[in-house]
Amino acid sequence: MILKGKTHKFGDDVNTDDIIAAKYLVSTDPAELGSKCMETISPYFSKSVSQGDIIVAGKNFGCGSSREHAPVAIKGVGISCVIAKSFARIFYRNSINIGLPIIEFNSADEINAGDELEIDLAEGQIKNITQSKTYKTEKFPAFMEKIVESGGLMRWIKMLG
């Protein structure tokens, strides 16, 4: 699975309330949640995202409450992948469950906002096209790639029969 997009950069400790404010939790519609994604810390974020773009962040991304709405909002706005130094464990699991690939990458600081990336999940490779750099990461586990390609855990289970 190859992902390609422009980066949107965030710092450390982006919590689920930053990703999608609690007042929007009355909806489960990905597009509606996506239109409000990150609005408390980056009011024009949803308008600046193109389909396939990538979030790059610091440590502890997705901390806070365990709401599944947060990765749904990220996927709903058009983000194809989140790269961060580290993730809150429940956010990590929720992301895979809804079909949003995420990558832990210690050198996330080296990627700038607006850089064009190409990510090969199966090979564990991030190419920064803008900076002409290539990084190795852990390969995305094959079963998790199948879950993501299926559109999430429940769809993957249904496909298995």
Side-chain angles (χ1 to χ4, degrees), residues 1-16 18-20 30 33-34 37-38 41-42 45-46 48-157 159-160:
M1 183 176 223
I2 308 265
L3 307 170
K4 205 171 187 181
K6 175 186 71 171
T7 59
H8 300 267
K9 193 85 183 251
F10 293 93
D12 295 338
D13 302 313
V14 175
N15 67 56
T16 53
D18 292 331
I19 297 168
I20 188 71
L33 293 170
C37 188
M38 302 291 195
I41 58 174
S42 183
F45 175 74
S46 66
S48 69
V49 173
S50 295
Q51 194 66 36
D53 281 356
I54 298 160
I55 287 176
V56 177
K59 62 182 179 168
N60 202 27
F61 188 87
C63 58
S65 67
S66 61
R67 65 180 65 132
E68 199 171 76
H69 290 74
V72 169
I74 291 170
K75 192 174 176 184
V77 76
I79 295 293
S80 66
C81 181
V82 180
I83 298 170
K85 286 185 172 184
S86 65
F87 294 91
R89 290 291 104 191
I90 193 71
F91 179 86
Y92 186 96
R93 191 66 227 163
N94 282 340
S95 295
I96 300 304
N97 285 349
I98 62 105
L100 176 68
I102 57 177
I103 300 170
E104 288 191 342
F105 181 55
N106 286 330
S107 298
D109 297 3
E110 295 181 30
I111 300 170
N112 298 317
D115 283 356
E116 192 75 27
L117 300 183
E118 181 178 293
I119 301 165
D120 186 332
L121 293 175
E123 291 301 316
Q125 186 172 338
I126 299 171
K127 287 182 187 176
N128 187 325
I129 296 163
T130 305
Q131 296 184 31
S132 300
K133 292 182 181 179
T134 301
Y135 304 97
K136 290 299 280 174
T137 65
E138 296 230 3
K139 293 180 180 180
F140 206 67
F143 80 95
M144 287 171 54
E145 192 169 345
K146 288 179 183 171
I147 291 170
V148 167
E149 286 175 342
S150 301
L153 182 62
M154 297 310 292
R155 288 184 181 167
W156 181 63
I157 289 171
M159 285 177 54
L160 294 176

Item to check | For Lys9, all residues meeting salt bridge (Lys or Arg N to Asp or Glu O under 4.0 Å), sequence neighbours excluded | outcome: none
Checklist entry - Got a sec, which residues hit salt bridge (Lys or Arg N to Asp or Glu O under 4.0 Å) with Glu68, two or more places apart in sequence or on another chain? => result none
Checklist outcome for this item: Output for pair (Leu3 CG, Ile119 CD1), nearest 0.5 Å, gives 5.5 Å
Checklist entry - Of all residues at least two apart in sequence or in a different chain, which pass the salt bridge (Lys or Arg N to Asp or Glu O under 4.0 Å) check with Asp13? => result none
Checklist entry - Considering residues, nucleotides and ligands other than Lys136, do more than 12 of their heavy atoms fall under 6.0 Å from its NZ? => result yes
Item to check | For the student: nearest non-hydrogen atoms of Ile129 and Leu117, plus distance | outcome: CD1-C, 4.3 Å
Checklist entry - Checking Thr7 side chain against Ile55 main chain: does a donor-acceptor pair fall under 3.5 Å? => result no
Using residues 78-90 as the side-chain source, report each donor-acceptor pair under 3.5 Å to any protein atom, sequence neighbours left out, with the distance given to one decimal.
| unit_1 | atom_1 | unit_2 | atom_2 | d |
| --- | --- | --- | --- | --- |
| Ser80 | OG | Gly52 | O | 2.8 |
| Ser80 | OG | Asp53 | O | 3.4 |
| Lys85 | NZ | Asp109 | OD1 | 3.1 |
| Lys85 | NZ | Asp109 | OD2 | 3.0 |
| Ser86 | OG | Asn60 | N | 2.8 |
| Arg89 | NH2 | Glu104 | OE2 | 2.5 |

Checklist entry - With sequence neighbours left out, what residues match Glu110 under side chain to side chain donor-acceptor pair (under 3.5 Å)? => result Tyr135
Checklist entry - Of all residues at least two apart in sequence or in a different chain, which pass the side chain to side chain contact (heavy atoms under 4.5 Å, CB included) check with Ile2? => result Glu118, Asp120
Next on the checklist: My understanding is that only residues two or more places apart in sequence, or in another chain, count here; which of them pass side chain to side chain donor-acceptor pair (under 3.5 Å) with Asn112?
Outcome noted: none
Item to check | Neighbour count above 12 (heavy atom, 6.0 Å) for Lys6 NZ | outcome: yes
Checklist entry - Any side-chain heavy atom of Thr137 within less than 4.5 Å of one from Gln125? => result no
Item to check | Non-hydrogen side-chain atoms of Arg67 and Ile20 separated by less than 4.5 Å | outcome: yes
Item to check | Side-chain donor or acceptor of Thr16 paired with backbone N/O of Ser65 under 3.5 Å | outcome: yes
Which donor-acceptor pairs under 3.5 Å do the side chains of residues 141-149 make with protein atoms, sequence neighbours left out?
| unit_1 | atom_1 | unit_2 | atom_2 | d |
| --- | --- | --- | --- | --- |
| Glu145 | OE2 | Met1 | N | 2.8 |

Next on the checklist: On a heavy-atom basis, which atom in Ser150 and which in Met159 lie closest, and how many Å separate them?
Outcome noted: OG-SD, 3.4 Å
Checklist entry - Among all residues two or more places apart in sequence or in another chain, which pass the side chain to side chain donor-acceptor pair (under 3.5 Å) test with Ser95? => result none
Checklist entry - What pair of heavy atoms forms the shortest contact from Gln131 to Asp115, and how long is it? => result NE2-OD2, 2.6 Å
Item to check | Residues which pass side chain to side chain contact (heavy atoms under 4.5 Å, CB included) with Asp18, listed by chain and number, not counting sequence neighbours | outcome: Val14, Asn15, Thr40, Ile41
Next on the checklist: The criterion is salt bridge (Lys or Arg N to Asp or Glu O under 4.0 Å); which residues satisfy it with Arg155, sequence neighbours excluded?
Outcome noted: none
Next on the checklist: Under the rule for side chain to side chain donor-acceptor pair (under 3.5 Å), what residues qualify as partners of Asn106, not counting sequence neighbours?
Outcome noted: none
Next on the checklist: Is any side-chain heavy atom of Phe91 closer than 4.5 Å to one of Ile74?
Outcome noted: yes
Checklist entry - So which heavy atom on Ile102 is nearest to which on Phe140, and how close? => result O-CE1, 3.4 Å
Item to check | Side-chain touch Ile103/Leu121, heavy atoms, less than 4.5 angstrom | outcome: yes
Item to check | Taking every non-hydrogen atom, the tightest pair across Val56 and Ala108 | outcome: CG1-O, 3.7 Å
